[in-house]
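This one's a predicted model, so the numbers in the text were calculated from it and none came from an experiment.
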Amino acid sequence: MAAIRVANSPEPRRNVELKARDGDRAQSLALCEALGADDRGELIQRDTYFNVATGRLKLREERDAAAHLISYVRADEPQERLSRYRIVEVEDAEGLKAALSESLGAWAVVSKRRRLFLWRDVRIHLDRVDGLGDFLEFEAVAPEQSDLADERQKVQQLREAFGIRSEDLLDRSYADLILGAR
């Protein structure tokens with residue numbers, strides 16, 4: 001059986017996020033540097049999505065790092081939006097993936113290279129998704145007591161700085177886009 005470590009918080013974590021197509025990855029990288037964002041390096045990730053009744057459930061496997069089971073609920077809207085999520089570290093990713101695939105069914109696999117930056121407590125992702133292309137994602141993590149105004153403002157500041165147009169915004173996950181590309 002897969003060993004799982006559970007965080008002690010009974011409440012899910014929250015963030016305000018925005019996802020968009022990135023038409024110029026080199027310019028986005030330069031903007032991150034110009035903003036003084038802290039470069040946390042490149043992550044190579046594979047997310048396997050499982051069938052669930054509510055929200056989404058994925059197993060994230062990352063090269064040279066622990067695997068995590070992530071459940072989240074987020075509206076499919078092309079704007080900044082609230083995401084509620086839980087992250088559980090997993091020791092036996094292959095075993096857990098097999099068990100969840102057999103019992104729930106896996107419906108998509110997303111492989112990507114993510115360049116991670118941190119700016120004023122906002123995670124900036126420059127994602128290159130296999131089969132889809134380049135994307136930007138902003139995740140402003142919200143403390144439990146936050147009314148989300150500060151997080152929304154930071155995401156809006158980044159949207160303006162990166163010149164993200166309404167037609168570039170995404171209203172769904174990479175997994176949904178992968179399925180639509182087939």
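Of the charged side-chain nitrogens involved, none lies within less than 4.0 Å of a carboxylate oxygen, so that R56 and D47 do not count as a salt-bridged pair. Under 4.0 Å is where a charged nitrogen must lie from a carboxylate oxygen, and between E17 and R74 at least one such pair does. With respect to the salt-bridge test (charged N to carboxylate O, under 4.0 angstrom), the residues R25 and D22 do not qualify. A salt bridge does not link K154 with E151: none of the charged nitrogens is closer than 4.0 Å to a carboxylate oxygen.
Linking Ile, Leu, Val, Met, Phe, Trp and Tyr residues whenever their side-chain heavy atoms come within less than 4.5 Å places L35 and F138 in a single cluster. Hydrophobic clustering (side-chain heavy atoms under 4.5 Å, transitive across Ile, Leu, Val, Met, Phe, Trp, Tyr) groups I70 together with I178.
Counting heavy atoms from C-beta outward, E94 and E61 have side chains that approach closer than 4.5 Å.
A salt bridge (Lys or Arg N to Asp or Glu O under 4.0 Å) with E42 is found for one member of R113, R128, R63, R114 and no other, namely R113.
No side-chain donor-acceptor contact under 3.5 Å links R152 and S146.
Within 6.0 Å of atom CG in D38, more than 12 heavy atoms from other residues, nucleotides or ligands are found, so the atom counts as buried in its surroundings.
A donor-acceptor pair under 3.5 Å is absent between the side-chain atoms of R21 and the main chain of L170, judged by distance alone.
Here the straight-line distance linking atom OG of S103 with atom CG of N51 works out to 10.0 Å at 0.5 Å rounding.
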